[in-house]
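All remarks here apply to the structure that follows.
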Amino acid sequence: MLALLQTEELIRANFLPFALPSIGEEEIAEVVDTLRSGWVTTGPKVKRFETQFSAYTGASRAIAVNSCTAALHTTLVALGIGPGDEVIVPTLTFCATANVVIHTGARPVLVDVGADFQISPKAIEAAITPNTKAIMPVHYAGQAVDLDAIYEIAYRHSLAVVEDAAHAVGTTYHGLKIGSDQLSARYPNLRRATAFSFYANKNMTTGEGGMITTADDELASKMRVLSLHGMSKDAWKRYTSAGSWYYEIVAAGYKNNMTDIAAALGIHQLRRLDGFVEARRRYARMYDAAFGDLHAVRTPIAHADRNHVYHLYAIRLDLDRLTINRSEFIEELKQLNIGASVHFIPLHLHPFYQEEFGYQRGDLPQAESIYDSVVSLPLYPGMSEADVHDVIEAVQLITSANRR
Ligand SMILES: Cc1ncc(COP(=O)(O)O)c(C=O)c1O
């Protein structure tokens with residue numbers, strides 16, 4: 001490879017990061033307004049953000065919290081999940097999805113994914129035991145899982161569905177936004193909530209932040225109380241003229257509330273979200289076109305019945321057709337001044353889950369084979385078309401120079 005780096009004009013002058021947020025002047029002005037307002041923690045801007053997020057997703061209730069991790073955890077606790085219970089989680093996810101299950105005292109049961117990287121409904125069904133209480137599908141990379149299949153399984157077995165939509169703000173399934181009440185309308189009384197992330201690298205960001213949507217009134221009330229110490233309703237108002245000093249603790253809650261500083265960012269990021277998604281989809285189409293027939297590269301599988309908001313653009317390398325492995329491929333991208341990443345190291349390959357639950361390599365083969373060959377390429381609205389072309393050229397160069 002190093003020989004080909006002698007073609008120095010192919011090396012970018014500056015490093016292209018794997019991900020960057022797009023923060024505009026409106027966000028900055030809104031944060032400054034918040035700072036000057038005297039009200040910096042949970043307050044009117046959080047309320048505004050929640051209302052706008054409800055409207056955007058088609059969810060009757062939205063609760064802002066300080067991360068997706070907090071959103072997932074709060075939901076599990078509100079559902080009453082605890083010791084002795086099992087929750088089904090795909091192994092190809094970020095550790096937060098499973099760790100929050102452990103924090104409740106329950107056990108995450110890791111299952112395999114399909115060739116599309118999404119949790120396999122068949123694997124879910126096979127993992128259900130009398131102790132199973134919930135399924136946590138992850139809308140990997142910003143494409144929806146097969147929700148109809150999953151809601152149907154959950155309904156049939158009386159399980160809750162806690163959707164990890166960390167990647168999927170703006171994603172649709174059969175024309176409805178992830179998080180929408182309507183998605184599960186055919187399954188009355190299905191207990192269901194959706195958790196979003198506004199972490200720095202997500203499709204919209206509040207620095208750190210998250211949101212829970214649900215159609216379930218009782219669940220929403222519990223989650224709201226749990227997300228602020230377990231204080232009785234609207235406790236945050238107690239310092240305003242509308243509020244009272246009095247509050248009651250009705251549960252041992254958490255400190256998971258979102259600040260108005262974060263919501264100030266969120267209000268404007270949400271307004272710009274569709275534009276962000278459009279840019280991501282346009283760049284993904286450029287990658288698809290360039291890599292469609294490329295030696296040793298497989299482009300992401302996109303299902304026709306759901307949109308893909310491309311939080312990630314994760315290619316697979318056909319390792320039989322290359323003389324290098326995935327890690328060497330990423331190293332060569334880096335030498336060409338291009339960042340890349342891997343999503344994800346399957347949870348069952350990490351020492352903690354192996355030691356705690358006895359998982360080992362070989363248990364979940366599809367996720368392992370994806371892990372060995374997957375590379376997430378840079379994809380975000382702040383990239384220029386020239387940046388996208390640089391990535392394309394780099395991938396073309398590395399695959400041809402290391403052809404088997
Ligand atoms: C699939 C998935 N779930 C959950 C999270 C946690 O999100 P947060 O950082 O907002 O807690 C992430 C973060 O990257 C993620 O990728």
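The structure presented is a predicted model; accordingly, all values stated were derived computationally and were not measured. By convention here, the first residue in the shown sequence is residue 1. Whatever order the structure lists ligands and atoms in, that order sets their numbers, starting from 1.
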Checklist line | Heteroatom proximity flag, Glu208 to ligand 1, N/O under 3.5 Å | finding: no

Checklist line | Pair Glu30 + Lys45, salt bridge at N-O below 4.0 Å | finding: yes

Check: What part of Ala166, side chain, backbone, both or neither, has a heavy atom within less than 4.0 angstrom of ligand 1?
Finding: side chain

Check: Does any N/O atom on His167 come nearer than 3.5 Å to any N/O atom on ligand 1?
Finding: yes

Margin query: If the threshold is 4.0 Å, N to carboxylate O, is there a salt bridge linking Glu278 and Arg282?
Written below: no

Check: Taking only heavy atoms of Thr93, which atoms of ligand 1 are found under 4.0 Å from at least one of them?
Finding: 1 (C)

Checklist line | Protein contact of atom 7 (O) of ligand 1 - nearest heavy atom, named by residue and atom, plus distance | finding: Cys68 CB, 3.3 Å

Item checked: Which of the ligand 1 atoms, numbered from 1, are nearer than 4.0 Å to a heavy atom of Thr97 -> 3 (N)

Margin query: Using a plain distance cutoff, I'd like to know if Val138 has any nitrogen or oxygen under 3.5 Å from a nitrogen or oxygen of ligand 1.
Written below: no

Next item on the list: Run the numbers for me: atoms of ligand 1, each under 4.0 Å from some heavy atom of Thr69, listed by number.
Entry: 6 (C), 8 (P), 11 (O)

Next item on the list: Hey, can you tell me if Phe352 and Phe357 have their rings parallel, tilted or perpendicular (30° and 60° cut-offs)?
Entry: perpendicular

Notebook entry, point to check: If we ignore angles and hydrogens, is there a donor and acceptor under 3.5 Å between the side chains of Thr34 and Asp260?
Noted result: no

Check: Which protein heavy atom lies closest to atom 3 (N) of ligand 1, and at what distance to 0.1 Å?
Finding: Asp164 OD2, 2.6 Å

Notebook entry, point to check: Charged N to carboxylate O below 4.0 Å: is that the case for Arg61 and Asp217?
Noted result: yes

Margin query: Could you identify the single nearest non-hydrogen protein atom to atom 14 (O) of ligand 1 and state the distance to 0.1 Å?
Written below: Lys202 NZ, 2.7 Å

Next item on the list: Please write down residue, atom name and distance for the protein heavy atom closest to atom 10 (O) of ligand 1.
Entry: Ser197 OG, 2.7 Å

Checklist line | Carboxylate-amine/guanidinium contact Arg12 Glu393, below 4.0 Å | finding: no

Check: So, does His343 sit close enough to ligand 1 that a heavy atom of it is under 4.0 Å from the ligand?
Finding: no

Next item on the list: List the steps and the verdict of side chain to side chain donor-acceptor pair (under 3.5 Å) for Tyr173 and Asp146.
Entry: CA-CA 8 Å; Tyr173 179 82; Asp146 186 355; 3.1 Å; yes

Check: So which heavy atom in the protein is nearest atom 12 (C) of ligand 1, and how far is it from that ligand atom?
Finding: Phe94 CD2, 3.6 Å

Notebook entry, point to check: Would you call the rings of Tyr313 and Phe291 parallel, tilted or perpendicular, where under 30° means parallel and over 60° means perpendicular?
Noted result: tilted

Next item on the list: Only one of Asp148, Val161, Ile128 passes side chain to side chain contact (heavy atoms under 4.5 Å, CB included) with Ile153; say which it is.
Entry: Ile128

Notebook entry, point to check: Below 4.0 Å from any atom of ligand 1, is there a heavy atom belonging to Phe344?
Noted result: yes

Check: Mind checking whether Phe94 and Tyr199 have ring centres under 6.0 Å apart?
Finding: no

Note to self: Considering non-hydrogen atoms of the protein only, which is the closest contact for atom 9 (O) of ligand 1, and what is the distance?
What the structure shows: Tyr199 CB, 3.8 Å

